[in-house]
Amino acid sequence: MKVRKIPMRTCVVTKEKLPKQELIRIVKTDAGVIYDSTGKVNGRGAYLKKDKDVFERARKSKVLEKYLETTISSEFYDELDKILD
């Protein structure tokens with residue numbers, strides 16, 4: 001039997017390489033910044049580890065805004081917190 005390759009991605013906050021399933025993808029599209037649950041939405045993407053501490057660090061350091069080159073509202077971060085609950 002073949003061994004399947006596990007796709008690895010890097011968290012923009014912690015810089016850890018983790019399996020894609022352990023991360024949340026945030027995408028900048030023409031419509032704005034969205035949460036990508038499928039992992040297939042077109043646009044520039046950034047990955048965050050599924051951890052409340054990582055979300056808070058991303059909010060404080062504005063690393064997503066720098067990486068996606070756009071402004072992100074505090075309401076969007078609140079939506080991300082609800083996803084984890």
Side-chain angles (χ1 to χ4, degrees):
M1 242 177 127
K2 274 188 159 179
V3 177
R4 291 192 71 147
K5 181 180 172 188
I6 299 173
M8 302 291 276
R9 300 292 183 264
T10 303
C11 174
V12 295
V13 175
T14 64
K15 305 294 187 216
E16 291 178 84
K17 280 197 171 260
L18 298 166
K20 198 173 175 181
Q21 292 81 17
E22 296 179 20
L23 300 166
I24 292 178
R25 185 169 186 244
I26 311 301
V27 181
K28 175 187 170 187
T29 63
D30 293 335
V33 178
I34 60 169
Y35 160 68
D36 180 13
S37 59
T38 63
K40 297 181 181 182
V41 174
N42 288 336
R44 179 160 181 87
Y47 291 90
L48 288 177
K49 186 176 178 181
K50 291 181 184 177
D51 184 13
K52 282 202 179 267
D53 182 48
V54 172
F55 287 165
E56 287 303 315
R57 287 172 50 193
R59 182 186 295 215
K60 288 178 185 173
S61 66
K62 298 188 179 191
V63 69
L64 281 177
E65 292 185 16
K66 294 172 190 169
Y67 192 81
L68 298 176
E69 299 172 350
T70 188
T71 57
I72 299 174
S73 66
S74 61
E75 290 83 23
F76 182 77
Y77 285 109
D78 294 336
E79 288 179 35
L80 287 179
D81 285 337
K82 290 177 186 174
I83 291 169
L84 263 185
D85 292 337

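Computed over heavy atoms, backbone and side chain alike; hydrogens, waters and symmetry mates excluded. Numbers here simply count residues along the sequence, with the first being 1.
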Rounded distance (nearest 0.5 Å) linking atom CZ of R9 with atom CG of L18:
11.5 Å
Nearest-0.5 Å distance, OG1 of residue T10 to NZ of residue K17:
4.0 Å
Donor-acceptor under 3.5 Å (D36 side chain, V27 main chain)
no
Run the numbers on R57 and V63 for side chain to side chain contact (heavy atoms under 4.5 Å, CB included), then give the verdict.
CA-CA 8 Å; R57 287 172 50 193; V63 69; over 6 Å; no
Please answer: with hydrophobic residues joined when any side-chain heavy atoms are less than 4.5 Å apart, are V54 and L23 in the same cluster?
no
CD on E22 to SG on C11, rounded to 0.5 Å
11.0 Å
Student check: side-chain heavy atoms of R59 and D81 closer than 4.5 Å:
yes
Of all heavy-atom pairs between F76 and Y35, which one has the smallest distance, and what is that distance?
CE1-N, 3.9 Å
Examine distances only and state if a side-chain atom of K15 and a backbone atom of V12 form a donor-acceptor pair shorter than 3.5 Å.
yes
Determine yes or no for a side-chain-to-main-chain donor-acceptor pair under 3.5 angstrom, with R25 supplying the side chain and V41 the backbone.
yes
From I72 CD1 over to K66 NZ, what is the distance, rounded to the nearest 0.5 angstrom?
11.5 Å
Co-membership, hydrophobic cluster, residues I83 and V33, 4.5 Å side-chain:
yes
Tell me if a side-chain donor or acceptor on K28 pairs with a main-chain N or O of A46 at a distance below 3.5 Å.
no
Please confirm whether the backbone N or O of K82 pairs with a side-chain atom of D78, one donor and one acceptor, at under 3.5 Å?
no
Rounded to the nearest 0.5 Å, what separates atom CE in M8 from atom OH in Y47?
12.5 Å
Side chains of L64 and L48 in contact at under 4.5 Å (non-hydrogen atoms):
yes
Take a 6.0 Å sphere around CG of D53 and say whether it holds more than 12 heavy atoms from other residues, nucleotides or ligands.
yes
How about K52: does its NZ atom have over 12 heavy atoms from other parts shown lying under 6.0 Å from it?
yes
Taking every heavy atom of K50 against every heavy atom of Q21, the minimum-distance pair comes out as NZ-O, 3.1 Å
Joint hydrophobic cluster, I34 plus Y67, side-chain heavy atoms closer than 4.5 Å
no
Search all heavy atoms of A58 against all heavy atoms of V13 and return the closest pair with its distance.
CB-CG2, 3.7 Å
For residues F55 and I24, determine if any side-chain heavy atom of one lies less than 4.5 Å from a side-chain heavy atom of the other.
yes
